[in-house]
Asker: 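Encoded as structure tokens, here's the structure I'll be asking about.
First listed ligand is number 1; within each ligand, the first listed atom is number 1.
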Amino acid sequence: MNTMVWKVDKYVDNLENNPQVVDAANFLRKNEVVAMPTETVYGLGGNAESDAAVAKIYAAKGRPGDNPLIIHIAEREQLTRFVAEVPVMAETLMDAFWPGPLTIILKKKEGVLSEKATAGLATVAVRMPDHPVALALLKTCGLPIAAPSANSSGKPSPTNAEHVLDDLNGKIAGVLDGGTTGVGVESTVVDCTETIPVILRPGGVTKEQLEAAVGEVHVDAALTDEAARPKAPGMKYRHYAPNAPLFMVSGTAEFLQSLVEEKRSEGLKVGVLTTEENASVYQADLVLACGRRAELETVATGLYDTLRKFNQENVDVIFSEMFPNTGVGYAIMNRLQKAAGNKLIIE
Ligand code: TXA
Ligand code: MG
């Protein structure tokens, strides 16, 4: 399949009538799949009511069929079509964070969405992305759009159109290239089907922000206990992994440098994942500074691009600094731990 690349400037007016957006929307209406920028990462969109379209999403990504998709909407009125009820707490979260990086799990109306999109669950994940191109595409096609991150399953999520093409060129109808995404880590997934909201996946909206909006917020046991079964099926998979083994390192820069030297003396090519503050401290084969530690948002923005860069340079092993578990640092650490397959070295 020839994958189209539609470049579109997210700042131009009247995006809904932009020829590139209209072209992409027409493919969605024909049940083809198209990648689109969102404020978090690029998504691979398809008509959520079509089994054929949803099957193409799973096939292009090589995604396990038991991992349900997030349904993207542009207007809250769309919820009535496929959601059974919206509790007050969910309304409050939508008021506070939509459009934005928050996915809300609600009870679904049976018989509307493709069963494949929800992996046969009685619930559905929904979000309204905060990106002008995504919103224009959703409005123009008028459909609820199922969209997982537009990467091959297991790889770091894509934060620009090149990442999407690296993984999916020839496998999808096209990609709307709206430049680099902003947040850099995926949306926070919150289950609102019980009385107290439960974070199933940390992401762009922080736990602290959620608490400020709705009070008490719980965290799925699987986020802290490796043995617990996650309520978000996708959280059980190893994800975001670079090709080389990645180790999280808890300790001083000197300790991390000593690990680098040990591996280099064995003839291995060693990579270090750090931030701008510490980049000059390390001597290794590839030292990558991912944002600034003093502003964790910048680390989130650059994280997946940094993980992908280690692949381009073919390092044999990667050592990464750790980050505080607060604010967006919670999502950063969650993704790094998954990328590392929980491999941790403590000084
Ligand atoms: O920022 C994002 O959320 C991006 C952009 C493209 O919107 N999308 C994204 O989708 O990250 P994906 O498919 O990579 O992750 C969706 C997560 C998975 O962990 C999945 O298991 C969970 O949401 N999920 C989806 N439906 C669910 C449901 N009904 N109950 C529990 N978890 C669900
Ligand atoms: Mg994903």
Asker: What protein heavy atom is closest to atom 25 (C) of ligand 1, reported as residue, atom name and distance in Å?
Answerer: P68 O, 3.4 Å
Asker: Is there a donor-acceptor contact under 3.5 Å linking the side chains of R29 and T140?
Answerer: no
Asker: I'd like to know if the side chain of N26 pairs up with that of D23 as donor and acceptor (distance under 3.5 Å, no hydrogens or angles considered).
Answerer: no
Asker: Check contact between E39 and ligand 1, using heavy atoms of the residue and a distance below 4.0 angstrom.
Answerer: no
Asker: Tell me which protein heavy atom sits closest to atom 29 (N) of ligand 1, plus the residue, atom name and distance to 0.1 Å.
Answerer: T123 OG1, 3.0 Å
Asker: Tell me whether the Mg ion (ligand 2) has S149 as a neighbour, meaning an N, O or S atom of it below 2.8 Å.
Answerer: yes
Asker: Any nitrogen or oxygen of G234, main chain or side chain, under 3.5 Å from a nitrogen or oxygen of ligand 1?
Answerer: yes
Asker: Tell me whether K338 forms a cation-pi arrangement with Y240, defined as NZ or CZ under 6.0 Å from the six-membered ring centre and within 45 degrees of its axis.
Answerer: no
Asker: Can you tell me which portion of H72 lies within the under-4.0 Å heavy-atom range of ligand 1? Options are side chain, backbone, both, or neither.
Answerer: side chain
Asker: Counting heavy atoms only, which part of M36 comes closer than 4.0 Å to ligand 1: side chain, backbone, both or neither?
Answerer: neither
Asker: For ligand 1 and T40, I'd like to know whether there is a polar contact (N/O to N/O, distance under 3.5 Å).
Answerer: yes
Asker: Give me the nearest non-hydrogen protein atom to atom 18 (C) of ligand 1 as residue plus atom name, then the distance to 0.1 Å.
Answerer: N67 OD1, 3.7 Å
Asker: Are the charged groups of R229 and D220 less than 4.0 angstrom apart, N to O?
Answerer: no
Asker: Starting from atom 30 (N) of ligand 1, find the nearest protein heavy-atom neighbour and note its residue, name and distance.
Answerer: I105 CD1, 3.5 Å
Asker: Starting from atom 13 (O) of ligand 1, which protein heavy atom do you reach first, and at what distance in Å?
Answerer: R63 NH2, 2.8 Å
Asker: To the nearest 0.5 angstrom, please state how far the CE atom of M235 sits from the CG atom of N67.
Answerer: 10.5 Å
Asker: Look at ligand 1 and say whether T118 reaches it with a heavy atom at a distance under 4.0 Å.
Answerer: no
Asker: Between H72 (side chain) and I70 (backbone), is there a donor-acceptor pair under 3.5 Å?
Answerer: yes
Asker: I'd like the name of whichever of G43, A147, S187 reaches closest to atom 8 (N) of ligand 1 through any heavy atom.
Answerer: A147
Asker: Heavy-atom contacts under 4.0 Å between L200 and ligand 1: side chain, backbone, both, or neither?
Answerer: side chain
Asker: Tell me whether K343 at atom NZ has more than 12 heavy atoms from other residues, nucleotides or ligands lying less than 6.0 Å away.
Answerer: yes
Asker: Side chains of H163 and D305: do they bring a donor and an acceptor to under 3.5 Å?
Answerer: yes
Asker: If we count only N and O atoms by modelled type, under 3.5 Å, do the side chains of R63 and S152 hold a donor and an acceptor together?
Answerer: no
Asker: Heavy-atom contact under 4.0 Å between P129 and ligand 1?
Answerer: no
Asker: Using heavy atoms and a 4.0 Å limit, tell me yes or no: is P233 in contact with ligand 1?
Answerer: yes
Asker: Would you mind telling me which of K263, R264, K269 makes a salt bridge (charged side-chain N to carboxylate O under 4.0 Å, His left out) with D285?
Answerer: R264
Asker: Which protein heavy atom lies closest to atom 22 (C) of ligand 1, and at what distance to 0.1 Å?
Answerer: A232 CB, 4.0 Å
Asker: Quick test: of every protein heavy atom, which one is nearest to atom 15 (O) of ligand 1, and how far off is it to 0.1 Å?
Answerer: R201 NH1, 3.1 Å
Asker: Say whether E208 and Y330, considering side chains only, have a donor N or O and an acceptor N or O under 3.5 Å apart.
Answerer: no
Asker: Considering only protein heavy atoms, which is closest to atom 31 (C) of ligand 1, and at what distance to one decimal place?
Answerer: K231 O, 3.4 Å
